[in-house]
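As the structure is a computational prediction, the values presented were derived from the model and not from experiment.
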Amino acid sequence: MLGFGADLLWADMNRLLAFLFHQGVLDEQFLQLQQLQDEASPNFVSEVVNIYFHESEKLLNNLRGLLMERELSDYKKMGIHLNQFMGSSSSIGAKRVTNICVAFRAATDQSNRAGCLRALEMLEHEYCYLKNKLHELFQIEQQRALVAGVRYPVQNQ
């Protein structure tokens with residue numbers, strides 16, 4: 001019976017992943033990241049993604065701060081932050097976030113404050129959606145591991 005529950009959770013994970021790929025939220029880079037996970041590092045993907053979330057929060061705060069400066073927005077500094085955001089988003093397979101970063105970067109290159117504000121709003125929305133969906137995925141994965149009875153190495157006493 002335990003295996004049946006794990007199978008259902010595995011199916012839930014696969015359905016959610018398929019949905020995120022179909023929507024264009026994730027791309028094949030996420031699958032490559034998953035392939036790096038093994039028994040020696042069973043939480044590799046969630047750890048990498050949590051680092052991504054932590055760093056992304058800082059970048060979003062920096063971008064927001066730069067855009068809220070009324071007199072002069074530092075478009076060059078915004079571009080640097082966006083390059084970092086694009087690179088890290090691309091490395092975990094966050095396709096839609098990466099695409100919005102590209103559009104945001106184009107607005108900074110044109111010193112288009114209104115375009116930057118719109119892009120920031122879209123980026124924050126898409127980032128929150130990605131974060132919620134990946135947290136949902138990791139929760140299902142964690143439940144599946146518990147139901148499947150993941151065995152941890154016994155330490156000699």
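Judged by distance alone, the side chain of Arg105 and the main-chain N or O of Gly79 form a donor-acceptor pair under 3.5 Å. Judged purely by atom type and a 3.5 angstrom limit, Arg113 uses its side chain to pair as donor or acceptor with the backbone of Leu67. Checked by atom type and distance alone, the side chain of Asn43 never pairs as donor or acceptor with a backbone atom of Ser46 at under 3.5 Å. Side chain of Ser88 to backbone of Phe85: a donor-acceptor contact under 3.5 angstrom is found.
Of all non-hydrogen atoms in Ser89 and Thr98, the two that sit nearest each other are CB-OG1, 3.3 Å. Listed here is the closest heavy atom pair of Leu123 and Cys101: CD1-SG, 3.9 Å. Of all heavy-atom pairs spanning Gly115 and Ala107, the tightest one is C-CB, 3.8 Å. Across all non-hydrogen atoms, the minimal contact from Phe30 to Ile92 is CD1-O, 3.3 Å. What you find for Ile100 and Glu126 is that their closest heavy atoms are CD1-CB, 3.5 Å. The heavy-atom pair separating Phe44 from Gln37 by the smallest distance is N-OE1, 3.3 Å.
Cluster annotation: Ile80 and Val97 are assigned to distinct hydrophobic clusters (Ile/Leu/Val/Met/Phe/Trp/Tyr, side-chain heavy-atom contacts under 4.5 Å, transitive).
Here the side chains of His135 and Phe53 are in contact, with some heavy-atom distance below 4.5 Å. Looking at Asp38 and Ser41, their side chains come closer than 4.5 Å, going by heavy atoms from C-beta outward. Looking at heavy atoms from C-beta onward, Thr108 lies out of side-chain contact with Lys77 at the 4.5 angstrom threshold. Put simply, the side chain of Asn50 does not reach to within 4.5 Å of the side chain of Glu47, judged on heavy atoms.
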N/O donor to acceptor pairs below 3.5 angstrom from side-chain atoms of residues 16-27, sequence neighbours left out:
residue : atom : partner : partner atom : Å
Gln23   : OE1  : Tyr129  : OH           : 2.8
Asp27   : OD1  : Gln29   : N            : 3.0

Solution key, residues 58-66 side-chain donor-acceptor pairs under 3.5 Å, sequence neighbours excluded:
residue : atom : partner : partner atom : Å
Lys58   : NZ   : Glu55   : OE2          : 3.4
Asn61   : OD1  : Arg64   : NH1          : 2.5
Asn61   : ND2  : Glu57   : O            : 3.3
Asn62   : ND2  : Lys58   : O            : 3.4
Arg64   : NE   : Glu124  : OE2          : 2.6
Arg64   : NH2  : Glu124  : OE2          : 2.5

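Atom CD of Glu121 has 12 or fewer heavy atoms from other residues, nucleotides or ligands within 6.0 Å. Residue-environment remark: NE2 (His125) stays at or below the threshold of 12 foreign heavy atoms within 6.0 Å. Other residues, nucleotides and ligands contribute more than 12 heavy atoms inside 6.0 Å of the CD atom of Gln34.
Atom CD of Gln84 is separated from atom OG of Ser56 by 10.0 Å, given to the nearest 0.5 angstrom. Rounded to the nearest 0.5 Å, atoms CE (Met122) and CG (Leu117) are 13.0 Å apart. Of the inter-residue distances, the one linking Arg144 atom CZ with Ile140 atom CD1 reads 11.0 Å to the nearest 0.5 angstrom. Residue Leu130 holds its CG atom at 9.0 Å from CZ of Arg96, rounded to the nearest 0.5 Å. Between the NZ atom in Lys95 and the OG atom in Ser90 there is a gap of 11.0 Å [rounded to 0.5 Å]. Atom CE of Met78 and atom OG of Ser111 lie 8.0 Å apart (nearest 0.5 Å).
Aromatic ring pairs are classed by plane angle as parallel below 30°, tilted from 30° to 60° and perpendicular above 60°; the pair Tyr127 and Tyr52 is tilted.
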Would Ile51 and His54 count as a side-chain contact (heavy atoms from CB on, under 4.5 Å) if you check the C-alpha gap in whole Å, the side-chain angles of each, and the deciding distance to 0.1 Å? CA-CA 5 Å; Ile51 292 168; His54 180 73; 5.6 Å; no
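In the hydrophobic clustering, where aliphatic and aromatic side chains (Ile, Leu, Val, Met, Phe, Trp, Tyr) are joined below 4.5 Å either directly or transitively, Val102 groups with Met86.
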